[in-house]
Novice: 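Starting off with a structure, shown below.
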Amino acid sequence: MIFGRKHRKPITIADKKVVEWKYAVCGYCSTGCSIEVGLNDAGKPVASRGKGNAPVNQGKLCIKGIFEHELSTTSGRGTEPLMRDRIYQDFAPVDWDTALDHTAAEFKRIQEKYGRDSVAVVSTGQLLTEEFYTLGKLVRGVIGTNQYDGNTTLCMASAVSGYKRSFGADGPPGCYEDFEHTHCLMAFGSNLPEQHPIIYWRLKEALEKRKFPLIVVDPRVTMFAQFADIHLPITPGTDLVLLNALAHVILKEGLQDQRYIDAHCSGFDELAATVEKYDPITASRICGIDPDTIRHVARIYAKAPSAMSIWTMGINQSTHGTDGVCGINNLNLITGNIGVPGGTSMSITGQCNAMGTREWSSCSGLPGYRMLEKPEHRKEVAEFWGVDEDFFPPKRGLQQTDIFPAIESGEIKALWIVATNPLTSMPNQPRIKKALEKLEFMVVQDGYRDCETVDYAHVYLPGALWGEKEGVQTNTERRVNLVRKFVEPPGNAKPDHWIFTQLAKRFERGRAIPFPESSSDIFDEMKQLSKGEGRNLDISGMSHDLIEQQRGIQWPMREGDQTGNPRLYSDGVFPTANGKANLLAMDYIEDNEVPDTSYPFWMNSGRVVEHFHTRTKTGKIGNLNKFSPTPYMEINPDSAKEFGVEHQKYVRLVSRRGDAVVMAQLTQRVPRNMLFIPMHYHDCVNRLSLGLLDPYSRQPAFKQCAVRIEHVDQREAARLNVERRAF
Ligand SMILES: Nc1nc2c(c(=O)[nH]1)N[C@H]1C(S)=C(S)[C@@H](COP(=O)(O)OP(=O)(O)OC[C@H]3O[C@@H](n4cnc5c(=O)[nH]c(N)nc54)[C@H](O)[C@@H]3O)O[C@H]1N2
Ligand SMILES: Nc1nc2c(c(=O)[nH]1)N[C@H]1C(S)=C(S)[C@@H](COP(=O)(O)OP(=O)(O)OC[C@H]3O[C@@H](n4cnc5c(=O)[nH]c(N)nc54)[C@H](O)[C@@H]3O)O[C@H]1N2
Ligand code: SF4
Ligand SMILES: [Mo]
């Protein structure tokens, strides 16, 4: 065998014969990378490359972005609307008029019989913003149900509630450029290198230019934890205790920015009284981080000229999700780290357009961060749309995690699912299955016919996917970016905004309100609605063309501005009644399902770099799926030995809800009392999960429940794995 470079052939890159490059923003994660998709002379997408000079990614892409053009030829797409009378029967293909007439008629029948709120709508973070706005107008202004929410309740709800409680409004105040300025970065429950690889690359580049301490809080030794200067392997679900203890040390040692607190915050005395109880010794007994490390980290953070925190699902998906977010905001407020370069409290969002739905979908209220509870907001939107103000409900209705129990109890009879796959992604799958079987009528609108939730639908509407329609998305740092259409949807699939406007025409109210059809006309309408004195979410200075020219623009960008703004709250003025941010005093309450003798392991769940969510997309892209096609769990080698589990052998996991068969991967990444399972597989982790809810955000605690290991016959398990939905 010959080793060594000189005998290797040079790498050649196949000439894909690209004749045209089309501009887009990536459709997977919320990083918001600018992509160019190469088309050959037959107009077929054959290559993807990062857009040079794009402010987010400077020409780089992660593994999912690099193969994104392959989406257009993936299997399992829906090409015709489908209908059937009863679930479990065969579907029959129908034309769009038949499918939409039937859907509208069923919604009307059910609303007339059981009341307006007996129809529920569950949407997503993956449509284009113009589509979200149109759906919101249809649901709030035409159909008129208040049971309207999105899968963002599984994802960003705690960050939203936390921002509202601390600052008075949603909206991450910082930006990626803060990495260039900060003197300390603390990350909570985020595995940035795998889940936001290009944000991580930005951070790493900043670290190479100028070293500053990186502190990672995660019960697992993730890739991010391995790169950290200090790793805090926290006891699951106890971040609030650590945060209170950090605040305790900062106040005890007088390291706070009292000038900032006095000028810009309320609630300081209450906070000080509460964190007084969380001395490092008491805290360490709950959160598992030793007292000296707590003191050390508190000092580093508070003494840094500027310091920033980022967080993702390790915080949000917890019974203390919102409190955790407010705890992080507290930390940054007491150290004067909000709205300054390198000083911020930044939620790293999840889906490509999770921000767009927060801003414009009207799920939690009315468009443009307006609230149903505020009379002036109701009036403004009612006048703008030309609807009666009283048609809007007085306050928001149920969230996704409360909609399913309301199906169980019979309050909700019809469900319209748009671009989400709850059968795989909701906690406690056996319970979700039963709820779906109970519905009188269910519509699923998805790009893929083989998305598992379609198995429970009466009507299936095939949606166009990324690159098959034009519109904008907002990323983690409030940057609005554009996807141009570069390919036709397959068969008779249609863009979601087309489906919404066509459905609107089937309602009397929908015919009375204008529903613009082109995405740039819809964008213009949103621009009008975004204007206003003191409004941060202002996009009135943007246009589709300008966004492409600048490769993404951060809101606020007001009419007449040349470009967007990187930070919020730089003036120390917050959108609360007194203009001050709220410091929040929060006690820790022990309320999780925790391991015991019958179920001795913590079950943790999350993601891997090559897959996206329920794999409707990445499961079909060979270059991504090949890395982890089989459901598996991470288990510590010591525990594996104790329980007789071998590497790459199957085991059955059992919780109080159900069971799942997975392959074992022995790794030191997890502690001895924890198993980690990627969330991407159907009939897997969410057959086990419990999903207790955060009281403010109603977000499930996906990251914590208790399970035990049982042995299985290896051949039977392998057969089950083949039979189970394997792409
Ligand atoms: N490759 C890829 N990237 C993605 C996605 C994807 O599916 N695939 N999805 C996107 C979406 S929608 C989202 S929401 C984001 C999610 O992005 P992340 O939140 O970064 O990803 P997760 O793997 O869900 O969870 C992150 C970490 O939380 C840790 N954790 C568990 N319990 C606790 C705890 O009690 N405290 C702390 N501090 N940490 C804990 C877990 O060990 C895990 O390492 O990723 C986005 N990016
Ligand atoms: N155990 C566990 N469970 C979890 C999590 C966890 O960490 N652990 N994380 C939670 C989180 S953070 C999230 S965000 C959810 C995600 O959960 P889901 O939203 O259920 O996951 P996806 O697979 O992204 O589903 C999106 C669906 O929309 C379709 N789609 C994509 N684009 C379009 C479009 O433009 N139009 C239409 N009509 N359809 C489209 C896709 O084909 C896919 O079927 O999972 C949650 N579930
Ligand atoms: S980091 Fe996220 S946005 Fe960027 S290419 Fe990867 S998946 Fe796409
Ligand atoms: Mo998410």
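First listed ligand is number 1; within each ligand, the first listed atom is number 1. Numbers here simply count residues along the sequence, with the first being 1. Every heavy atom of this structure was used, including side-chain atoms; hydrogens, water molecules and symmetry mates were not. Model, not experiment: these values are computed from the prediction.
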Novice: Is it true that the NZ or CZ of K137 lies under 6.0 Å from the centre of F515's six-membered ring and within 45 degrees of the ring axis?
Specialist: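 Flagged: K137 positioned over aromatic ring of F515.
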Novice: Can the positive tip of R77 be found less than 6.0 Å from the middle of the six-membered ring of Y448, inside 45° of the ring normal?
Specialist: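 Flagged: R77 positioned over aromatic ring of Y448.
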Novice: Can A464 be said to touch ligand 2, with heavy atoms closer than 4.0 Å?
Specialist: yes
Novice: Show your reasoning for whether salt bridge (Lys or Arg N to Asp or Glu O under 4.0 Å) applies to E548 and R484.
Specialist: CA-CA 9 Å; E548 176 171 350; R484 291 277 188 209; 2.7 Å; yes
Novice: Compute the shortest N/O to N/O distance between S605 and ligand 2 and return yes if it is under 3.5 Å, no if not.
Specialist: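 Indeed, backbone or side chain, S605 has an N or O that close.
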Novice: T31 heavy atoms, cut-off 4.0 Å: which ligand 3 atoms fall inside?
Specialist: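 So the answer, numbered in order with elements, is 1 (S), 2 (Fe), 3 (S).
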Novice: For ligand 2, which atoms, with element, lie under 4.0 Å from some heavy atom of N686?
Specialist: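 So the answer, numbered in order with elements, is 1 (N), 2 (C), 3 (N).
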Novice: Any N or O of E131 that comes nearer than 3.5 Å to an N or O of ligand 2?
Specialist: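 No, no N or O pair falls under 3.5 Å.
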Novice: Any atoms of ligand 2 less than 4.0 Å from a non-hydrogen atom of C451? List them with their elements.
Specialist: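 Those of ligand 2 that fall under 4.0 Å from C451 are 44 (O).
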Novice: Find out whether T474 and W360 are in side-chain contact, i.e. whether some heavy atom of one side chain is under 4.5 Å from a heavy atom of the other.
Specialist: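 Result no, sub-4.5 Å side-chain heavy-atom pair not found.
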Novice: Indicate whether any N or O donor in one side chain lies under 3.5 Å from an N or O acceptor in the other, for T401 and T153.
Specialist: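 There is no such pair between these side chains.
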Novice: How about P236 and M674: do any of their side-chain heavy atoms sit closer than 4.5 Å?
Specialist: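 Side chain of P236 against side chain of M674, heavy atoms only: contact under 4.5 Å found.
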Novice: Does T124 come within less than 4.0 Å of ligand 2, judged by its heavy atoms?
Specialist: no
Novice: Going by distance alone, is a donor N or O of one side chain under 3.5 Å from an acceptor N or O of the other, for N625 and R615?
Specialist: yes
Novice: Return the closest protein heavy atom for atom 42 (O) of ligand 2 as residue, atom name and distance.
Specialist: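 So the nearest neighbour among protein heavy atoms is D446 OD1, 2.7 Å.
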Novice: Using a strict cut-off of 4.0 Å, indicate which atoms of ligand 2 neighbour a heavy atom of Q445.
Specialist: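 Within the 4.0 Å cut-off of Q445, ligand 2 contributes 38 (N).
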Novice: If the cut-off is 4.0 Å to any non-hydrogen atom of K703, which atoms of ligand 2 fall inside it?
Specialist: 7 (O)
Novice: Determine whether the side chains of Y163 and S347 contain a donor N or O and an acceptor N or O closer than 3.5 Å.
Specialist: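 Absent: no donor and acceptor within the cut-off.
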Novice: Does C26 put an N, O or S atom under 2.8 Å from atom 4 (Fe) of ligand 3?
Specialist: no
Novice: Heavy atom under 4.0 Å from ligand 2: found in V418's side chain, backbone, both, or neither?
Specialist: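 Looking at V418 and ligand 2, no heavy atom falls under 4.0 Å.
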Novice: Is it the side chain, the backbone, both or neither of T616 that has a heavy atom closer than 4.0 Å to ligand 2?
Specialist: side chain
Novice: Evaluate H613 for polar contact with ligand 2, using N/O atom pairs at a separation under 3.5 Å.
Specialist: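 Right, the criterion is met.
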Novice: Using a strict cut-off of 4.0 Å, indicate which atoms of ligand 2 neighbour a heavy atom of V685.
Specialist: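 Selected atoms, number and element: 1 (N).
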Novice: Is any N or O atom of Y448, backbone or side chain, closer than 3.5 Å to an N or O atom of ligand 2?
Specialist: no
Novice: Would you confirm whether S361, through its side chain, and F132, through its main-chain N or O, come within 3.5 Å as a donor-acceptor pair?
Specialist: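 Here the side-chain-to-backbone pair does not exist.
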Novice: Distance to the ring centre below 6.0 angstrom and angle to the axis at most 45 degrees; does that hold for R220 and F676?
Specialist: yes
Novice: Please report which non-hydrogen protein atom sits nearest to atom 19 (O) of ligand 2, along with the residue it belongs to and the distance in Å to one decimal place.
Specialist: N151 ND2, 2.6 Å
Novice: Should A419 be counted as touching ligand 2, given the test is an N or O pair under 3.5 Å?
Specialist: yes
Novice: Say whether Q351, considering both its backbone and side-chain N or O atoms, lies within less than 3.5 Å of an N or O atom on ligand 2.
Specialist: no
Novice: Note the single closest protein heavy atom to atom 47 (N) of ligand 2, along with its residue, its atom name and the distance in Å.
Specialist: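 The closest one turns out to be S425 O, 2.8 Å.
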Novice: Measure the distance from atom 10 (C) of ligand 2 to every protein heavy atom, then report the residue, atom name and distance (to 0.1 Å) of the closest one.
Specialist: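 Looking only at protein heavy atoms, the one closest to atom 10 (C) of ligand 2 is Q317 NE2, 3.4 Å.
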Novice: Please determine which of T238, T319, N592 meets the side chain to side chain donor-acceptor pair (under 3.5 Å) test together with Q704.
Specialist: N592
Novice: Please confirm whether W466 comes within less than 3.5 Å of ligand 2 when only nitrogen or oxygen atoms on both sides are compared.
Specialist: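 No; the residue has no nitrogen or oxygen that sits under 3.5 Å from a nitrogen or oxygen of the ligand.
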Novice: Is it true that the NZ or CZ of K617 lies under 6.0 Å from the centre of F67's six-membered ring and within 45 degrees of the ring axis?
Specialist: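 Not satisfied by the 6.0 Å and 45° rule.
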Novice: Please list, in number order, the atoms of ligand 2 under 4.0 Å from a heavy atom of K469.
Specialist: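 So the answer, numbered in order with elements, is 34 (C), 35 (O), 36 (N).
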Novice: Quick one: CH2 on W498 to OG1 on T134, what's the gap to the nearest 0.5 Å?
Specialist: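 Reported to 0.5 Å precision, the distance equals 14.0 Å.
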Novice: If you take the nearest heavy atom of each of M313, M679, R607, which one is closest to atom 13 (C) of ligand 2?
Specialist: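 Ranked by closest heavy atom to atom 13 (C) of ligand 2, first place is R607.
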Novice: For residues I417 and M442, determine if any side-chain heavy atom of one lies less than 4.5 Å from a side-chain heavy atom of the other.
Specialist: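 In contact.
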Novice: Do T312 and H196 touch side chain to side chain, with heavy atoms closer than 4.5 Å?
Specialist: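 Heavy-atom side-chain distance check passes, below 4.5 Å.
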Novice: Just go through N604, D496, L461 and tell me whose heavy atom is the nearest to atom 36 (N) of ligand 2.
Specialist: D496
Novice: To which protein heavy atom is atom 6 (Fe) of ligand 3 closest, and what is the distance rounded to 0.1 Å?
Specialist: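 Nearest neighbour among protein heavy atoms for atom 6 (Fe) of ligand 3, to 0.1 Å: C62 SG, 2.3 Å.
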Novice: Is a side-chain donor or acceptor of Q554 paired with a backbone partner of R479 at a separation under 3.5 angstrom?
Specialist: no
Novice: Report yes or no: does a heavy atom of G350 sit under 4.0 Å from some atom of ligand 2?
Specialist: no
Novice: Pick, from L71, L465, L688, the option with the minimum heavy-atom distance to atom 33 (C) of ligand 2.
Specialist: L465
Novice: To the nearest 0.1 Å, how far is atom 4 (Fe) of ligand 3 from its closest protein heavy atom, and which atom is that?
Specialist: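 So the nearest neighbour among protein heavy atoms is C33 SG, 2.3 Å.
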Novice: Please report whether ligand 2 has a polar contact with L127, defined as an N or O pair separated by less than 3.5 Å (distance criterion only).
Specialist: no
Novice: Just which atoms of ligand 3 are under 4.0 Å from any heavy atom in I198?
Specialist: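 Result: 1 (S), 4 (Fe).
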Novice: What's the shortest distance from atom 2 (Fe) of ligand 3 to any protein heavy atom, and which residue and atom give it?
Specialist: C29 SG, 2.3 Å
Novice: Looking at Q429 and L423, what are the two nearest heavy atoms and their distance?
Specialist: CG-O, 3.3 Å
Novice: Any heavy atom of F612 closer to ligand 2 than 4.0 angstrom?
Specialist: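 The answer is yes: ligand 2 sits under 4.0 Å from a heavy atom of F612.
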Novice: Quick one: which ligand 2 atoms are inside 4.0 Å of a heavy atom on T614?
Specialist: 21 (O), 22 (P), 23 (O)
Novice: Number the atoms of ligand 2 from 1 as they appear, then name those within less than 4.0 Å of a heavy atom of C155, with their elements.
Specialist: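 Matching atoms, with element in brackets: 12 (S), 14 (S).
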Novice: Tell me which one of Q317, Q699, R698 satisfies side chain to side chain donor-acceptor pair (under 3.5 Å) with S158.
Specialist: Q699
